[in-house]
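Below is one structure; the comments refer to it alone.
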Amino acid sequence: MSATYYFAIVGTNDSPLYEAEFGIQRDENKYLNQFIVHAALDLVDDAQFTNNACFLKTVDRYNDWNVSAYVTPSNIRLMLLFESKADEVVRAFFMECHELYLKTLMNPFYEPNTPIQSLAFDSKVHALAKKHLLL
Amino acid sequence: MPRAGLAQKKEFVAKALCPRILVVNSADLDDTWQVNNADSFAELLSPFGQDVSAQITIQDGQGAPYFLDKINVKFTTDFVIDKQRQPSGAEVDELVTKCIGGSSASEHADPAFMSGAAGVNREAVALEEISAWSPWYTLFRQQWVNQMQASEHESFMHPVACMLAVSSSDADPVGSLRGLLNHPTVRRTQTQSFTGSNLVLYYVVVHDERRTADVQNIDHRFDLVRKAFGQNCSLLRINSNTDLLDADSSDRAKISGIWSSSLATAQPLAAPSEKVYGSMLTMRDVAALRDAVKQMMVRSVVPHMQYVVRILSDQTAGQRRGITGRLFSAGRRYFGASAKASSTLTGVDGDIYFRYDSPEAMMRQLADYSFMLKDFRFAQSVYQVARRDFLAEKAWKCYAGAQEMVGLSKLMWEVQATKAEFDSNFDDAIATYLHKTQVPRTFLAVRSVIMYYELLKHHKMHSFAPVALLRIPRGFVSLGALMNEQAAYAYLKLTPRSEVRKFSFYAMIASQMYQKSGMGELSHRCLRMVKLALATPVERRQRHADDSENENENEKGAESKTEVKTKKDITENSNSSNVGSIVARSSWGAIDSFINHELGRQYSAVQSYEEALQYFMALVGDDKIPPKLQSKYLQELLQLFLESDDRAAKGSAEGGARRSNIQLSIPVIDPHMARIIMSPSLEGEDGLLEWRLDGSAPRPAAAPASALGSALDLNPGRGSCCAVGEAVAVLLVVTNPLTIGVTLNNFTLDCEFTASDDVEEEAASAFEVTTVSSVILEGGQTTMVTVEVVVKRPGELSITGAKYLLCDILPTFRPLKLPGRRLNNTKEQQAREVYSPDTTLKFRVSPDMPHLDISTEDFPDTLMSGSMHQSSVIIVNKGALPCHNIVLWLSHPSFFDVKSPRTRAEGSECADTHEVYTALDKVNPAEVMRVPNTLQDCSRFVLVGEGKQQCPEWSRLVPVECLNPGETLVVPVWTRGDRVGAHSLSLCVGASSNTTLKSSESRVMRSRAFDIDLIVTPSLRVNAFVRPSARCPRERLLGIEIENMQTDLNVQLVQTTFSSGHYELTPILAQRQQVEGVPRRVVVGPRQTVSMMYRARPRQVEAGDARAVPEQFTINALRQFIYSNNKPTLLPEPIDLIYSNMVLGDHSGVDCVHSSLQSYILRSQAFRRRNMLRANYPMIPENYHRVLFPLFETFGIDFVLFWNEVGGIQRSGHHSITGIDLGVPHDYINEALNPPTQGAARAWLADTVNEREALVQSIVNRPNALTHRHERPLDVSMRVGAIRQGASSESALSAMYVADITVTVYNHSWRYAYDFALDLISPADLDQIVPDRVRLDYTGSRSAWSWYGKTNHELVVGPQASVELSARLVCLSPGMFDIGLWKLSAAALEPDASASGDADPRDSPALRLPFSSKNLECVLHPLQSYFVDINAAKLESYS
């Protein structure tokens, strides 16, 4: 089973704050990942007004790809591109990522809405992915 | 414009699915349409089938009347049910290509919404129709529908009526018409079509006006026809333009236009024919044709269709209504298998269909007819029922067709529908077409998509469109491209706000598909749309009305933020060069690089290299692209450049010049890290430093030249400066951000030179820049590239950028520009960001600048402490000017002994070497020498120049007058390990070409600083300790303890030298040495300790030699400094130092009095004293040290020990201890803190008072104030005089021994007379009088002796004078007694008071001052035992 995941945190001005790929890496399709997630933002914008929860489940589909989104109260969007995974698993992953993001936000040296460079954050997100997604 | 004629949206569907009429004419009629250039009689009629205004009221399926406004009809000449053509991929591609080629070039231009620079223009999006953005789609849609074929499952392509036409010239029109009924086409239609034998026949008699012969028979013949066939007949008179007059050419064109425009609408891709249609027709004929069609429709076809609908509706009503129909069908399904089998057939394609007389087929026909008659509501309900039946029979093609029609009917029916009502129909229909039928019905599926999409557009339900469009079958790349593009536009047209991001995604997919199917132009167009869309700011969705006010505000805030950002982006774009504006820049790195790559490739494919290069350069500069692609991109870029270069070379020479200015962001050259380094081949650091006369370290010249001005006109604020013809290195830090390696070839610098002289010469030839042939950068590597610049003329050179060939191919230019310091002086500058021009990459070339090669030679990195090592500083004048001023500065003068410099001509070796220790055969044991006692700056040495004024006079350094060009100056510098530990010493040489700078307080000189790291290992440890002398109170004993710290080194002591202003020291020799008279050289082995004792005796001061003592100077100066407004200016006077030398052994000694060694030792002492003063008196500014403190205090002793290494490399060295304090003088500094009785400046301000108090306190609390605790101003010694036995007069003592003791009290103080009380204590009273802590070691017998007579003496002793008094002691028996038992209470007298002698010392004002030496009143006890030997042998006869 090919398990490829693309995870992105998108800031309020639509620029990615953080990107990561889990599972099998496919360099040549990286732009497609970004394109799909970027396009799905349009649907997130709609979906967040019809749903009270942070977790918006699968907002978009393209061929075999699903895009799930999680909108934080500050309108930061966590987006995950995946092929197949249960909603609950994705939700758990998002929740923990959100927590990580909040911790980053509390760092006085982190300017909100700027790319997250922290290596610690990166490794923690990868650990979360390993825990939830890449079983 | 023919496109305008193409049907729009709903009309399009209606026209595609309109009734067809079969036209059959008799052979003699052929001429009639042929003369009008029509291909058939049907073609002659076809323009009039469009929008026939029926204007009749008809009844729908349930009998309700409704008004039919217009109806379309199409005329065909043939009817056949063939195997359905399945378009192959190539055919579709060809069709798409044709459609795209069919649209004119102007339509390929960018749509209006792309006009803006800052993203998609939303207003244009709202205004325009999708069809305007891609006209080729409209063509494609029409072409596709034109290919519709008759099929068994639907009745749309089946004729609803048949028109039979005969000529009026026919003698027997009825017979001809009957004959036409047997025409094969008509027969086929009657057997195979849905209509079957119920086909409506319509009879037309056409009269050709040219046949004038028949004119009288027309009516007759028509009457015959009407009699034979009833109402469905008509007479048509055409071709009335018998004389072929083209009198009215506009009429001709108009008539011809009717056909050509109709043809263009129906077959938009066909080449516009040159044929002139209807040449025989007049406007009257045209009207007759139109009327004929209308008559046929209104009178015959529509009523017939309505009739069919009614019949069929009745027949199938059972199925449609109620439970019975369902039961009936269920019953038939379950119980009547045979009945079912009879009604289904297998069609030409293998799919199941129904016989035309079966209920299912009838339902379908009913629905289709209703649909054609625009009774969509009824049609839909019928289709729904039919669909169920088809599903039950697994007639998939029929089912899919019905599903499709259900959806279409719903959408055609004007009522707004929700998605659930129609989208699933289409979804199901298309899926069934593609997957369930025997052969995938690609054509039908695509047709379904097209029609659905048209209707969605009509209803403005764009949100369904993308999904619908993407249901097209896979495998047709060009079709997919077309549909994806439409899908993208649909996202753009979404209401209430367009989804630009989705648009960009689908446009990207479309672009890729266009690329794949070889339509580069459209692909490019799509890609540019993607780029534009990415630059579009996102339109935030407005909150719903029920949301709270607060949230609305938040939203606004977010919006304005986005706006600000957009603005910023725009300005950024406009600021950067045009690269920024054409290259995609969003924050999505992979997307950007993809777009840039694709656009770059496309541009290079069409050979517009300029744009392609820019895209590729942006691509390569991006460090986020994955490593695999990096090398690919880079290679593509290089390849591209080579190609474009070839072309440019062929084209014109202009290309070459332009290409040299390529700016690429890799590798990264950080201008912040760029450095200009003077004299790069030498060690040390070159720069313009500011030298001050106070001996502080030269510091970088920061402030602009002072008003005093330097003749050099060195403007330190303007960066560095170098001499003419001097090589200057420019150091650049180059980083490769990629993970792949690149090489930079021919790396050089781009410089701008401004000459300051008036020589008319080309500026370019004024300087030379070296070229680094190859710099290899591995992935992620950072290297330093050094480029040398030699400027041959005075002026100013600024480095503007770096030039190199990337990978030996791509000429690249990197500007090295930086903003300078942020200016903050004026209000305007504070309000905006203003930067001064940068000067770090700029240097001046001054003709006055000295150009010296300065190098250090042989500086050690490890030294044993105390040992000396010869090194030298070599200065070569390489410039063209003689150098008149060279100064050396040392951070640690005690580590370096600088000897007089020597010049030497080039090439010759300097012969004379300087020995640091001058051997002397005869060393005077004591020598007096007058030395200056001022604390001079000892860290600066004038090497070249008129040094007399600037050097301390005791520095035995003779400067050289002038260093001429080409001359070499050798400065011997001895390095000494002065202190143990790791030291970082620095040495700085400053030079200027002229000597006119004496007066200035500071000057800027070109300087070279060296850092010397030195580790000093311990060799000897020397300690000194002091004892009072019990024998002579004037003397003190000084012990020197020498410990060899080395583990394997024998050290031979050579000589000891003491220097003091007051004491002369003589060694106390061991018994054996005393016999030999000469002390032997002492060898101290490893880890051994040797101690030597010296007697320090005050020098006899001759009368009249009343030199002021330095201590007094300090007291006065300090008091003046603290309390007077006039700061002291006087320097201390020279002091006579007594040098007490002792050579150990009979060898020659070391001359440290007259040699240059003395000056070195003085320097070291001055340096240490300066450091000590700095630490002790932090509140006193350093520039006052010279006028406050002398270099030597009178009573301090400096000790120098010279030694040799035994064996080994025979190193020699010396150790020294400065300021050995014999503990004699008072703590005199405190006295200076008392305000003088007169002359104290009054402080008016509280600040001044506080400041003064703080200063006084800091002096009182100085760190080593407590170290003077051993001071004893007075010493007491005793001497035994006569010893007698049995004093005759006093019988009590007759048996005892009585000894006369002379007690001498010596006053060490140079300042105070002391009033003292001496109590001689008998051992018996010891416990009562003496505190416990004093002399606990008294071990003598308590009762053995006792003082006798007066034991209490009160006397006054003058400064540096002694008083003798006599006492007696008695003892019972002879023996050795420790008689050192006394107590001395002393109080100082004011100097004046002691002179007059009458004042009570205890009332002296000095003693009540707040600050006083603790020795002014003191109680002294003996420090050591004093044994006297009282024995019988020494008895004197008692006289």
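We name chains A, B, ... by the order of the sequence lines, and we start the count at 1 in each one. Just so you know, these numbers come straight off a predicted model, no measurement behind them.
- Taking CD1 of A:I36 as the start and CZ of B:R501 as the end, the distance is 15.0 Å to the nearest 0.5 Å.
- Closest approach of A:D42 and B:V500 over heavy atoms only: OD2-N, 3.4 Å.
- Residue contact with chain A, scored on non-hydrogen atoms closer than 4.5 Å, involves the side chain of B:V530 exclusively.
- For residues 503-513 of chain B, heavy-atom neighbours of chain A at less than 4.5 Å comprise B:S504, B:F505, B:Y506, B:M508, B:I509, B:Q512, sorted by residue number.
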Take A:D45 and B:E499 through the side-chain contact (heavy atoms from CB on, under 4.5 Å) test and state the conclusion after the steps. CA-CA 10 Å; A:D45 282 358; B:E499 298 193 344; over 6 Å; no

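- Rounding to the nearest 0.5 Å places CG of B:L470 at 7.0 Å from OH of A:Y62.
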